Amino acid sequence: QVQLVESGGGLVQTGGSLKLSCAASGRTFRNYRVGWFRQAPGKEREFVATINRSGSLPYYAGSVKGRFTVSRDNTERTASLRMNSLKPEDTAVYFCAAGISERVLTYEDEYDYWGQGTQVIVSS
């Protein structure tokens, strides 16, 4: 079992940067793919990025590709989402998730464990 806790959210101006962190408990963290999702007010939760077990293969949604970077450190049992060139439309609650499959997972029901989320607000 994996428990996930996100941190690093906050208020930032358009064009600014934030780095979100996801701390995992449980020795099996390295066996799980990590995904990042976000949910804006009144909208469904959407896929943002994912990274495979070893951390060698990231994959991004088109809306964030080139601006966001996903990474992980299996020794520290953490994952990160570096967000640059932030836009007001990036405002959302951001969640990290863990899924057992090594395939690229972009749907929330493919993930087994979720954090509680961290709020990101980008002001215009």
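Given the structure is predicted, the values throughout are model-derived calculations rather than measurements.
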Is it true that the NZ or CZ of Arg45 lies under 6.0 Å from the centre of Phe95's six-membered ring and within 45 degrees of the ring axis?
yes
Step through it carefully: locate the ring centre of Trp36, locate the ring centre of Phe68, and say whether they are under 6.0 Å apart.
no
Can any side-chain N or O of Asn74 pair as donor or acceptor with the backbone N or O of Arg53 at less than 3.5 Å?
yes
Between Glu110 and Arg33, does any NZ, NE, NH1 or NH2 come within less than 4.0 Å of an OD or OE carboxylate oxygen?
no
Within residues 11-105 or reaching into it, pairs that qualify as disulfide (SG to SG under 2.5 Å) - sequence neighbours excluded
Cys22-Cys96
Looking at Gly117, is its backbone amide N or carbonyl O close enough to the side chain of Glu6 to form a donor-acceptor pair, meaning the two atoms are under 3.5 Å apart?
yes
Apply side-chain contact (heavy atoms from CB on, under 4.5 Å) to Tyr59 and list each qualifying residue two or more places apart in sequence or on a separate chain.
Phe47, Thr50, Val104, Thr106
Using a 3.5 Å distance criterion without hydrogens, assess whether the side chain of Asn52 forms a donor-acceptor pair with backbone atoms of Ser56.
yes
With side chains defined as the heavy atoms from C-beta onward, is the minimum distance between Glu46 and Arg38 less than 4.5 Å?
yes
Quick one: CZ on Arg72 to OG on Ser54, what's the gap to the nearest 0.5 Å?
8.0 Å
Cluster partners of Ile121, using ILVMFWY side-chain heavy atoms under 4.5 angstrom, listed by chain and number?
Leu11
How about Asn84 and Ser17: does a side-chain donor come under 3.5 Å of a side-chain acceptor?
yes
Are Tyr113 and Tyr32, when compared by the centres of their aromatic rings, separated by less than 6.0 Å?
yes
Report yes if the side chains of Val5 and Gln116 come closer than 4.5 Å at any heavy-atom pair, otherwise no.
yes
